[in-house]
2 protein chains.
Amino acid sequence: MVTENTAPNGADPAGAPARPQRRLRVDAQRNIDSLLQAAKTAFGTSGVDAPAKEIADLAGVGVGTLYRHFPQRSDLVKAVFQREVDACADAASALSAAHEPGVALEKWLHRYTEFLATKRGLAAALHSGDPAFDALPGYFMSRFGPALGSLLDAAAAAGEVRADIPAKDVLYAVAHLCMPGADEGPAFSMRMVALLIDGLRHGAGTRDS
Amino acid sequence: MVTENTAPNGADPAGAPARPQRRLRVDAQRNIDSLLQAAKTAFGTSGVDAPAKEIADLAGVGVGTLYRHFPQRSDLVKAVFQREVDACADAASALSAAHEPGVALEKWLHRYTEFLATKRGLAAALHSGDPAFDALPGYFMSRFGPALGSLLDAAAAAGEVRADIPAKDVLYAVAHLCMPGADEGPAFSMRMVALLIDGLRHGAGTRDS
DNA sequence: AACTATACGGAAAGTCGTTCCGGAACACAA
DNA sequence: TTGTGTTCCGGAACGACTTTCCGTATAGTT
């Protein structure tokens, strides 16, 4: 209670990221940014179990600073995850403003695929049973669902894609495509590819096979 | 090369569990059994990351003994996993011999569900990208596929279930049902439940909906 | 400029995984 | 049973990493 945690956000991951109660000192904010950037990089190269020292060094700060802002390791993982989810979700409206609906949709799906590609290690952590991560899948959907939903709606309104596919299905389909584990086998992936290529884009009203 | 690894089995996980080249000393075999039992328990209570000391204490041996038989942590995980897969798969023929085909199938599915329930933590490890675990999903299928297949065939021959459902689909369906993460949501589970209840058991020839 | 609250850095302490080796236990033969 | 060679056990020792702690440095304020 005394020294209130002034970490990036004190809000629950599922809710809107509330503004911190007290404004952070500028160096603190800068270090937090550096840490998140460094953590993202380190997670990519050394996995989510990258040593704290490695992350701190990469960020150019001491380990004490890391633990000041992210008392638990899961806090750092959550923050990185949310930051990247936000970046990817926000890209939707930017793309939507800069391109035709169909193009925006296509570009965003590529962006989303990139996002998934960097989450190979994180996915395992998310499903590891640690209750600290319970809220993240919900956050994932709450951000990506509407983001893709509006792209899909716009494209459908422009007659470029069919309108009967829920955003959620597309999100899951692509997510499964990018998970080459031994889950469903190639057949599942093929079905999903078919859904995306054949079903989504063309057939805005007609559909064979 | 000099001191050949005399761990539980030197065979590849996907193949048949070959007999060790040299016979183990009885105390060694006993300790291996204790370790596997202890590891199973510890994995259940503390997750797959349970401290080595905890497992060794539970087995009543020193940590040195643990590392003698399972030089890598993944070796222990693999051994526990395979042992439980084997136990569950072997239950199929036992049940088949002791019960009517329909009952045997039902009982085995319950047994399989139990198996999955204890693998919550293991599943995360399996998909963590560690190449040591790459072969396990294949082993999983190579044991459970035929086991369930024969149960399914027998039940189908007795006219108690329909014959057009591959064992693999049932395995995946139940596996998904038992994974309450944020993967597919309740709708997916419902579809799978429907497949199992409605599709599998009744409708051995007819099917509504 | 002086002052205070906040934050930084890295040393130190604690925890856990892994290695190592002296001694105990086993298997086998006589 | 006793002897002998081999295998195996146990836990201390070592190293890597996580986490805490506090003297020092700096941003923000008057």
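A, B, ... follow the sequence lines: proteins, then strands. Residue 1 opens every chain. Please read these numbers as outputs of a predicted model, since none were measured by experiment.
B/Arg73 has no carboxylate O lying under 4.0 Å from a charged side-chain N of B/Asp49, or vice versa, which leaves the two without a salt bridge. The pair A/Arg83-A/Asp33 meets the salt-bridge criterion, with a side-chain N (NZ, NE, NH1 or NH2) lying under 4.0 Å from an Asp/Glu carboxylate O.
The NZ-P distance, from B/Lys53 to D/dG10, rounds to 12 Å in whole Å. The distance between atom CZ of A/Arg68 and atom P of D/dG23, rounded to the nearest whole Å, is 14 Å. Distance, B/Leu76 CG to C/dT18 C1': 14 Å, rounded to whole Å. In this entry the distance linking CG of A/Asp57 with P of C/dG9 reads 11 Å, nearest Å. Taking atom CG of residue B/Leu24 and atom P of nucleotide C/dC28, one finds them 13 Å apart after rounding to whole Å. Spacing between atom CD of B/Gln29 and atom P of C/dA27 amounts to 12 Å, rounded to whole angstrom units.
Separating the CD1 atom in A/Ile32 from the CG atom in A/Leu24 is a distance of 5.0 Å, to the nearest 0.5 Å. The distance from the CG atom of B/Leu58 to the OG atom of B/Ser46 is 8.5 Å, given to the nearest 0.5 Å.
Taking only side-chain nitrogens and oxygens, A/Tyr67 comes nearer than 4.0 Å to OP1 or OP2 of D/dT19. The phosphate of D/dC9 has OP1 or OP2 within less than 4.0 Å of a side-chain N or O from B/His69. Contact check, A/Asn31 against C/dA7: no side-chain N or O comes under 4.0 Å of OP1 or OP2. Remark: A/Thr65 is in phosphate contact with C/dG9, judged by side-chain N or O atoms under 4.0 Å from OP1 or OP2.
For A/Asp27, taking side-chain heavy atoms from C-beta onward, the closest of the listed nucleotides D/dT7, C/dC8, C/dC26 is C/dC8.
Mapping A/Arg25 and B/Gly62 onto DNA chain D by nearest heavy atom places B/Gly62 closer to the 5' end of the strand. Of the two residues contacting DNA chain C, namely B/Arg30 and B/Gly64, the nearest-nucleotide position lying further toward the 5' end is that of B/Gly64.
One cannot find a donor-acceptor pair under 3.5 Å joining the base of D/dT18 and the side-chain atoms of A/Arg73.
Between B/Trp108 and B/Tyr112, the ring planes are parallel. Angles under 30° get that label, and only those over 60° would be called perpendicular.
When heavy atoms are screened at a 4.0 angstrom cut-off, B/Val26 is found touching the sugar-phosphate backbone but no base atom. Nucleic acid contact class of B/Val63 (heavy atoms, under 4.0 Å, all strands): base.
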